[in-house]
Every structure is written in structure tokens, then in C-alpha cells.
Amino acid sequence: MPKKLFGTDGIRGRAGQPPLDDGTVFAAGLALAQTLPPGRRSEVLIGPKVLIGMDTRESGLELAELLAGGLVHGGVAVKFAGVMPTAGLAYLTEKDGFVRGIMISASHNAFSDNGIKVFGPSGYKLPDKEEERVEAAIFGALSQDCRPRRSALEADESLVRKYLDHLASVGDPAAGFETQLVVDCANGAASDLAAGLFKRLGVRAEIIADQPNGRNINLDCGSLYREALQQRVTESGADLGVAFDGDADRALFVDEKGNLINGDVVLLLAGRHLADRDRLPGRLVVTTVMANMGLEKALAKAGIRMSRTKVGDKYVLEEMLRSGAALGGEQSGHIIFGDLASTGDGLLTARMMLEILAASGKPMSELASELSVFPQVLKNIRVKEKAPFDEVPALRDAVSAAEKDLGDRGRVLVRYSGTEPLVRIMVEAEEEGLVERQVSRLAEVFQRELGE
């Protein structure tokens, strides 16, 4: 059954408006209390067993207190981590025995948006079936017309320190870091952590965009806006730049020449690094349908297989667990090191990339050049409704014609955004001109049939 509230990364929307209005958020807290795993409700009555964290958006605390209000009303105690990266919230949920972990964040979106991500006791995001149960309980709670109430929260600062200790302890303890690094914290959840982590690792790090004020998260900075990072890396002579998003679950990079490095490059370098150390079970890397065809060819050259899933890091992780893979991720910078984390972790990814760079003895630009990227164009079209593509003959025929024209020289991917009223059209091929022609043709048809 299609979900109405949960998208590919939790419940998202404009803070204060449905589905993030007071009533729905309170109902979400109540629903999460009512749908705890069987046999665990008695445990959560003893003490704080649901953990809440947030990024730096000004709406975060109010949403957290509304969620806590619903949880407490449902008989569940809450502990508050305060500002915390999503991966830290997931790690502590499993490490400290919480039954649920709830992260208040809209990742890379503007400050006016927010969201609710839910993790199970293992530190993994809830599977679709469980989200459906929670969603049904939310609508049930809303039908009872309960008056929303808040529960005051005070952050336990020891939780952030515990996550920092974890990050500092993972990876190769013998790795020596001579790297000069520039770190863009997106004025988000990594702002108070990054400097401490890289200092403990012995890395010379310049930290930028680390002064959050509630409204400047992701504002002309972070993983979507790397221009300032590119400039600072080249001006300072740094070896590498890294940019996080608002909740620091993704990391994208800039090489020493200012060139952009995406998740495909990270997966290639990390895959080879782990495989060379017998830490890549089945010599398998899991990624999504958005991964460039060049990545598949480069991995194959190294004797590494690649498996694709639908877009969303939760689906990458589900396939990793099913197949036993230790590495997976997305072009967008969500990278999952399965033996070290249960979700994408930007700080961990940066730490691992420093290890890879040190082990190679090569500059990042040289390493990145080993991936020959196929030209790829992604076009977004705002739609008035998300009609199934197969039910619109003109769309079905246009995609079929494009696939026939491309043959084995490229591929077409069309999908709806999980968080916005958009259809995403992606075409990839060996020749840039061919890509542009096919994207233009498809965009014209989709705009005519579905556009606002």
C-alpha cells in the first residue's frame, strides 16, 4: 500500500505545516509509542528508551518536544541528544539499547523544511512495512482528536561525546594523516564535532560554515553548494576538501585542484581499498540506479561486482544486509561502511577517505581520474500529480523510444522524487550530444503530460 507520510527518507515537509503541523507531529510520537516492537513496551516504562536528536534548524526543538509529548502520552520515556548527526543518533540507538531513535532533520533542504527519520533498535531505518504500521497509527491518533502537548527536553551532552569517541576509534589505527583538509559543516549537525574529530586524528583541518544560527543551515554551503569550499581548497593549497549536508549523513569532496568529487568516486576508491585488504565480502559494492555506468566498468576492471537498488540509502542498506555486502552508497554522498555503521555517515566517510588518500600516496585528482564518467544529465520537472508512467501512453512510448535509440550505449531512468512533487529524468550515454537530445525529447513529453 502506498505510504502517504513517509517518503524515501522519513516524513518531510515545511515546518509547522502538514505533515509537520503540531497535531500530526504529536500524533507521530503517540503512534511510535503504540507501535513499539512486541515485548518491549514493559522495558521502556522503566527508563528512557527512545532517543531523539536534531540538526540545527530553528524548528527542531519545537518538533522534538511535540514528538516527546506524544511518546510520553503513550507511556514512553525519552532521552534527548540535542544537536547530533543522523549517524550518531543511529549509532547510539543501537549501542545504548534504545528501542527507537528519532532524528529531526530535512538533511540538505533549506531551514524552513524539516523531517522525522525513525530508526529501530538495531540502528537501521525502519523497513517499509513498519513505516506503514506507524503511518496507520498516526492516522488513527489523529482521528481521536487529541490536543497536542509538548514535553520539555534537556540535552544529554555525554551522548555526543560518546559518538565522537566512536568515530575517533574506527578505521586503521596505524594510518598516518599528513593531509591538509578543509571541512564545510553546512552550518549543520557536524558544526560542533568536526574540529574535535580531526584534531584527535592529527589532521590539519580548516573548518568553515560551522556557525549555525537556525536559519543558515545549507545556505550557500554544504554538499549542495561547494563553490566556497572549492575556492578555499585552492587558495589554501589543501590536499582535500569535504562538505557535509545539514545532518552530516552525506559527504562530498573537492580535490586539491578544486574539482568536484561525488559518491561514485568514493565508492570506487573505497571498494578497491577494502578489496585489497580482504574487507569486501563477495567483492560486491551496492549502489543505486543513479550510479554512473563508468563506476560499474571501473569496479569490474578491479574484479568487483556492482549491484543497483532503487534510490534511497535505506534501500541500499537493505540490499547490503541481504547480500552480505560491506560497502554501499549513493552518488549523492550517502556512503555506508557496513562493518562500521548502520547508515550513511559523512564524518566516517571523510575519515575513511583520509585513510585511502594516505595509503595511496597519490593526490586525490589522480585517484579520481581513474573513473571515466559517462555524460549524465538529470532534469527535474514539477508535476501536478504522480501518475504511474505505464498508465500514460505518451510517457511509456517516449521512454521506450529513448531506450531503443540508446541501445547498449546508454540508459534512461525516470522516477518520481520521494520528497517533492517532481519527476526526475536521467539519461546517460557515452556521447554528450546523444544525452542532451534524449533528455530534451523526454522533458518535452513529460512537461506536456504531467507538468504544472
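Model, not experiment: these values are computed from the prediction.
No donor-acceptor pair under 3.5 Å is formed between the side chain of R441 and the backbone N or O of A401. Formation of a donor-acceptor pair under 3.5 Å by the E135 side chain with backbone atoms of K4 is found in this model. Looking only at distances, a side-chain donor or acceptor of R57 sits under 3.5 Å from a matching main-chain atom of A110. With D249 contributing its side chain and G344 its backbone, the two residues share no donor-acceptor pair below 3.5 Å. Side-chain N or O atoms of E428 include none that pairs as donor or acceptor with a backbone N or O of V435 at under 3.5 Å. Under a 3.5 Å cut-off, the side chain of N262 and the backbone N or O of Q331 do not form any donor-acceptor pair. R411 places no side-chain N or O within donor-acceptor distance of the main-chain N or O of G407, the cut-off being under 3.5 Å. The backbone N or O of N259 lies less than 3.5 Å from a partner atom in the side chain of D255, making a donor-acceptor pair. In this structure, the side chain of N218 engages the main chain of S107 through a donor-acceptor pair within 3.5 Å. In terms of modelled atom types and a separation under 3.5 Å, the side chain of E256 and the main chain of T234 share no donor-acceptor contact.
The shortest side-chain heavy-atom distance between L406 and V427 falls under the 4.5 Å cut-off. In this structure the side chain of L422 never reaches within 4.5 angstrom of the side chain of V383, judged on heavy atoms. Within the 4.5 Å cutoff, the side chain of D339 has heavy atoms near those of the R279 side chain. When side chains are defined from C-beta on, V254 does not count as touching L240, because their heavy atoms never get closer than 4.5 Å. The shortest distance between side-chain heavy atoms of L32 and V50 does not fall below 4.5 Å. Looking at heavy atoms from C-beta onward, V183 lies out of side-chain contact with I208 at the 4.5 angstrom threshold. Taking 4.5 Å as the limit, some side-chain heavy atom of S307 sits within range of a side-chain heavy atom of L284. The closest side-chain heavy-atom distance from L299 to R305 is not below 4.5 Å.
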**Asked** Yes or no on side-chain hydrogen bond (donor to acceptor under 3.5 Å, both in side chains) for K386 and S417, after CA distance, side-chain angles and deciding distance?
**Response** CA-CA 9 Å; K386 294 183 178 181; S417 166; 5.3 Å; no

**Stepwise side-chain contact (heavy atoms from CB on, under 4.5 Å) test for Y124 and L317** = CA-CA 8 Å; Y124 297 119; L317 181 58; 3.0 Å; yes

**Request:** Walk me through it: do V265 and L269 pass the test side-chain contact (heavy atoms from CB on, under 4.5 Å)?
**Result:** CA-CA 6 Å; V265 174; L269 300 183; 3.9 Å; yes

**Item:** Derivation of the side-chain contact (heavy atoms from CB on, under 4.5 Å) call for K310 and V289
**Value:** CA-CA 6 Å; K310 60 183 178 180; V289 292; 5.5 Å; no

**Message:** What verdict does the side-chain hydrogen bond (donor to acceptor under 3.5 Å, both in side chains) test give for S59 and N114, after you've listed the backbone C-alpha separation in whole Å, the side-chain angles of each residue and the deciding distance to 0.1 Å?
**Reply:** CA-CA 7 Å; S59 60; N114 219 322; 2.7 Å; yes

**Message:** Walk me through whether R232 and D184 qualify under salt bridge (charged side-chain N to carboxylate O under 4.0 Å, His left out).
**Reply:** CA-CA 10 Å; R232 190 62 203 134; D184 181 340; over 6 Å; no

**Message:** side-chain contact (heavy atoms from CB on, under 4.5 Å) for T287 and T309? Distances and angles first, verdict last.
**Reply:** CA-CA 6 Å; T287 184; T309 73; over 6 Å; no

**Request:** Run the numbers on Q231 and E227 for side-chain hydrogen bond (donor to acceptor under 3.5 Å, both in side chains), then give the verdict.
**Result:** CA-CA 6 Å; Q231 180 176 347; E227 293 84 358; over 6 Å; no

**Request:** Could you go through the side-chain hydrogen bond (donor to acceptor under 3.5 Å, both in side chains) check for D245 and S223 one step at a time?
**Result:** CA-CA 5 Å; D245 64 339; S223 58; 5.0 Å; no

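For the salt bridge (charged side-chain N to carboxylate O under 4.0 Å, His left out) criterion with K314, the lone passing option out of E319, E131, E330 is E131. Partner of T349 under the side-chain contact (heavy atoms from CB on, under 4.5 Å) criterion, chosen from I335, L252, I336: I335. Of the candidates R250, K117, K125, K125 is the only one forming a salt bridge (charged side-chain N to carboxylate O under 4.0 Å, His left out) with D313.
Listed here is the closest heavy atom pair of L153 and A68: CD2-CB, 3.9 Å. Nearest approach of L89 to G53, heavy atoms of both residues: CD2-N, 3.7 Å. Minimum heavy-atom separation, K379 to A443: CD-CB, 3.5 Å. Across all their heavy atoms, R277 and H273 have their closest contact at NH1-O, 3.0 Å. For the residue pair D210 and S191, the shortest heavy atom distance occurs at CA-OG, 3.6 Å. Nearest approach of V25 to P19, heavy atoms of both residues: CG2-O, 4.2 Å.
Taking CG of L274 as the reference point, atom CD1 of I356 lies at 6.5 Å (rounded to 0.5 Å). K362 NZ to L357 CG: the interatomic distance, rounded to the nearest 0.5 Å, is 11.5 Å. If you take CG on L327 and CG on L267, they are separated by 5.5 Å, rounding to the nearest 0.5 Å. Atom OH of Y163 and atom CG of L193 lie 7.0 Å apart (nearest 0.5 Å). Here the straight-line distance linking atom NZ of K79 with atom CG of D156 works out to 5.0 Å at 0.5 Å rounding. Here CG of L67 is found 12.5 Å from CE of M54. Values are rounded to the nearest 0.5 Å.
In E444, the CD atom is not crowded: 12 or fewer heavy atoms of neighbouring residues, nucleotides or ligands sit closer than 6.0 Å. Around CD of E154, the count of heavy atoms belonging to other residues, nucleotides or ligands within 6.0 Å does not exceed 12. Within 6.0 Å of atom CG in D192, 12 or fewer heavy atoms from other residues, nucleotides or ligands are found, so the atom counts as exposed in its surroundings. Residue E370 qualifies as enclosed at atom CD: its count of foreign heavy atoms under 6.0 Å is above 12. Counting non-hydrogen atoms of neighbouring residues, nucleotides and ligands closer than 6.0 angstrom, the CZ atom of F389 exceeds 12 such neighbours.
At a threshold of 4.0 Å, the pair R322-E318 does not count as salt-bridged, since none of the basic side-chain nitrogens sits closer than that to a carboxylate oxygen. Ion pairing between D128 and K3 holds under the 4.0 Å rule for side-chain N and carboxylate O. Using a cutoff of 4.0 Å between basic side-chain nitrogens and carboxylate oxygens, D113 and R12 are not scored as salt-bridged.
Taking the ring centroids of F119 and Y91, they lie at or beyond the 6.0 Å cut-off.
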